[in-house]
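Below, chain A is the first sequence line, B the second, and so on; all start at residue 1. Computed from a predicted structure; not experimentally measured.
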Protein chains: 4
Amino acid sequence: MVGGKAAASETRSGRGERAAARRTAILDAALDEFSARGFAGARLDDVALRAGVAKGTIYLHFKDKEALFQELVRTMLGPLIAGLEQLQASDLPIRTVLERFADLFVREIYGTRRRDVARLVITEGTRFPELAEFYYREVVARGIGAMRAMIKRAVARGEVRHEALSRFPQLVVAPGLVAILWAGLFDRFDHLDVAGMMRAHIDILLERRE
Amino acid sequence: MVGGKAAASETRSGRGERAAARRTAILDAALDEFSARGFAGARLDDVALRAGVAKGTIYLHFKDKEALFQELVRTMLGPLIAGLEQLQASDLPIRTVLERFADLFVREIYGTRRRDVARLVITEGTRFPELAEFYYREVVARGIGAMRAMIKRAVARGEVRHEALSRFPQLVVAPGLVAILWAGLFDRFDHLDVAGMMRAHIDILLERRE
Amino acid sequence: MVGGKAAASETRSGRGERAAARRTAILDAALDEFSARGFAGARLDDVALRAGVAKGTIYLHFKDKEALFQELVRTMLGPLIAGLEQLQASDLPIRTVLERFADLFVREIYGTRRRDVARLVITEGTRFPELAEFYYREVVARGIGAMRAMIKRAVARGEVRHEALSRFPQLVVAPGLVAILWAGLFDRFDHLDVAGMMRAHIDILLERRE
Amino acid sequence: MVGGKAAASETRSGRGERAAARRTAILDAALDEFSARGFAGARLDDVALRAGVAKGTIYLHFKDKEALFQELVRTMLGPLIAGLEQLQASDLPIRTVLERFADLFVREIYGTRRRDVARLVITEGTRFPELAEFYYREVVARGIGAMRAMIKRAVARGEVRHEALSRFPQLVVAPGLVAILWAGLFDRFDHLDVAGMMRAHIDILLERRE
DNA sequence: GATGAATGAGGGTTCATTCAT
DNA sequence: TATGAATGAACCCTCATTCAT
């Protein structure tokens, strides 16, 4: 993404710009390597090679391997957290909310490299207890809470018939997890039409029959 | 040398019995360590310590670290594959099948150490392409196929209204995945009633309302 | 000192014996390297090479580079501390005490590898504050105290005329320091007859004229 | 380019003056760092930080880390060498010479940063053979020679009774070494009155009793 | 001259694997 | 068979040195 050879043509761009580009290149490369080999299995040598920088350069931007990993996650998933807040407040019909949610998921996570970051959170979470805790507090607990509130309202309005769904909002997001894991493990054998699956899922939750 | 000094202390249990016990102890210990630290992060030193054997002993039973990991998975999940076959043939009502399936999952996977093995397959699958392929072929493809066949029959019988479900049997097992991942990541913050969730899930799929 | 080739002929010697021999070989090699290059400059690779072991073997015996250094010092100078206690109690004529002291120094420190260890304490002490403190408490403070007590007694008996000497017992041991430092820095240019210097020193302190 | 934009801000102080100030700042900072961590342990990053210059600037003034070290020593101890020559020629009473010598030591070395430089020569001398050789030739050999000559004269005059002292002039300077080393290692535990010790030392050498 | 980002060789440490006992 | 000391390749990280700006 940021090639060494391009330096000459970048004469114009300022120092900070180049530094940011390098940082991004390192994060990109790190995502590739962590995804392919996991945190412990990834080698910073390979990250550097892939990013087109020297090994030492990584340490100009990140304190150590763990910081690189954590910043990778924060940088890429952080912005999504803000987006979550809006859903909570919305008073739209539940179908609209779920469709937007599914659409957001497919376009902003499943369809981007964030999918791999999410996979990393899932697969490495156990080894980074604070990371798991952070995501529980900032994303999961809030998301589950918001979802539960919306479902309760939808039940009250008669939009949702399964009252039990409010006790297990996890059921709403379960297909998203399956999509992310399937992509990493089995998509090469059998491609999964995630958008279609999400639509079917919503139809089932809301009892629309074909 | 055979039948030498050690004979007296071997009393009843045969050599093979002791060897098997050791093998099991190593697999048990390996599961603990791999679960806690991942494949790359686990140390055979710790596995040996936990198993109560010397480090070298591991190599008498397993070719190397990777073989230990693969055999751990095969040993613990293998028997389940056989069980899967039976479901396929059954001609019971879909609700009964799903309830048995959920029950089986909760008792035989979620409630046992197999849960951790399943987690390992999910979290380390990417680093073991053949493992992923093996599980795709032996478990996932077959399971998805069987599930799809059953759903189609159920749709034909009018037991299931959502025809799209047969296109995405993944939706049926999605909560199982959530349960396994939740247990490893967030259960310490917020315990999940998995059996309850599975019941709610089935009710939603089959449109029973409370 | 402990050659790898000799292994075959050591079949008889027990495991612990070999381990001790290796430990000694590593300490020997470490002393050489630390003496030649200082703590920071010494490479464990070279220590291992010189000791005839693999680099990893060092870590079977010592936690890390610093522990190796500290144990080197403790192992080699520790026994001397015990010897110090005896001098304190003695009621012999001051000349006898000083002569024995000088003799002990020349034979047990200056004439052995302990000389290099002592040099290391002096040259690296600043970088190992606890080491410096340990030696201050265990060796220097006690030694100075014992020396002062003996000098006071000697002054009272008329064996020593310079009462100020009891205020600065450091003057008694100063030539020992010079000897140790001279050996490391200048002996190759100009050999110093340490035993002779110590005799002259005592004569001066006790005012015997030739 | 020469006499360009910077000219205005340079007002009175010439370019050379500023360069010299920088050089001095670097040497000062280097002394601090080398003293605290030794040659190998000191980081040029820290030297630059402490000197208030960029890391690269050090290389405008010194070829490399070793040159910085060597120049530090030469710059600070060089002037003393000249002073040594005078003593040799003097024909004053030995007591006067020794008192001046002690006074010079306390004021010009022990009481200044030269004390730390001297410590460095002692502690790092082994790792810089040419430095050790240089100091042997320029300082030690000459100093010892001058001292010996003076002592012989003093013996001839009857000022000194211990003829052996001329064989071991090291005994005259030994307390100076003790002072320098004590300052770095133990002064924080037990302060040493160096001036008092030097006076006592001279009294002992010259047999004045209290 | 001055800067500080970038480099990459080097070194401490870990750990899977081997093998003599 | 079982052991665990020994090995050494591999990897993270540091830091002296360079060089484009």
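With hydrogens and angles disregarded, no donor-acceptor distance shorter than 3.5 Å links the side chain of D/Thr57 to the backbone of D/Val53. Of the possible polar contacts, none joining the B/Glu33 side chain to the B/Val47 backbone as a donor-acceptor pair under 3.5 Å is found. Of the possible polar contacts, one joining the A/Thr75 side chain to the A/Glu71 backbone as a donor-acceptor pair under 3.5 Å is found. Between the C/Lys65 side chain and the C/Arg43 main chain, no donor and acceptor come within less than 3.5 Å of each other.
Using modelled atom types and a 3.5 Å distance limit, the side chains of D/Thr126 and C/Arg119 yield a donor-acceptor pair. A donor-acceptor contact closer than 3.5 angstrom is absent between the side chains of B/Ser35 and B/Arg113.
Residue D/Arg22 has a polar side-chain atom (N or O) positioned under 4.0 Å from OP1 or OP2 of E/dT3.
Each of D/Leu44 and A/Leu44 lies near DNA chain F, and the nucleotide nearest A/Leu44 is the one positioned closer to the 5' end.
Between the CG atom in C/Leu60 and the CZ atom in C/Phe62 there is a gap of 10.5 Å [rounded to 0.5 Å].
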Pairing string of DNA chain F (Watson-Crick or G-U wobble, both atom distances under 3.5 Å; | = paired to other strand) is .||||||||||||||||||||

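Under the side chain to side chain contact (heavy atoms under 4.5 Å, CB included) test applied with B/Leu31, the options B/Val73, B/Val117, B/Ile26 reduce to a single match, B/Val117.
Counting to the nearest Å, the C1' atom of E/dG10 and the CZ atom of C/Arg37 are 14 Å from each other. When the C1' atom of E/dG1 is taken as reference, atom CD of D/Glu17 falls 16 Å away, rounded to whole Å. Whole-Å rounding puts the C/Arg43 CZ to F/dC13 C1' distance at 18 Å. Atom CD1 in B/Ile26 sits roughly 15 Å away from atom C1' in E/dA16 (whole-Å rounding). Counting to the nearest Å, the C1' atom of E/dT14 and the CG atom of B/Asp45 are 10 Å from each other.
A ring-centre distance under 6.0 Å is not found for C/Phe128 and C/Phe134.
Against DNA chain F, the stretch residues 48-56 of chain B makes heavy-atom approaches under 4.0 Å through B/Val53, B/Ala54, B/Lys55, B/Gly56. Interface residues of residues 57-69 of chain C facing DNA chain F, ordered by number: C/Thr57, C/Leu60, C/His61; criterion, heavy-atom separation under 4.0 Å.
Side-chain contact between A/Thr123 and B/Arg127 is present, with at least one heavy-atom pair separated by less than 4.5 Å.
Residue C/Ala40 is out of contact with every strand shown, counting any heavy-atom pair closer than 4.0 Å.
Both tests do not hold together for C/Arg74 against C/Phe69: distance to the six-membered ring centre under 6.0 Å, angle to the ring axis within 45°.
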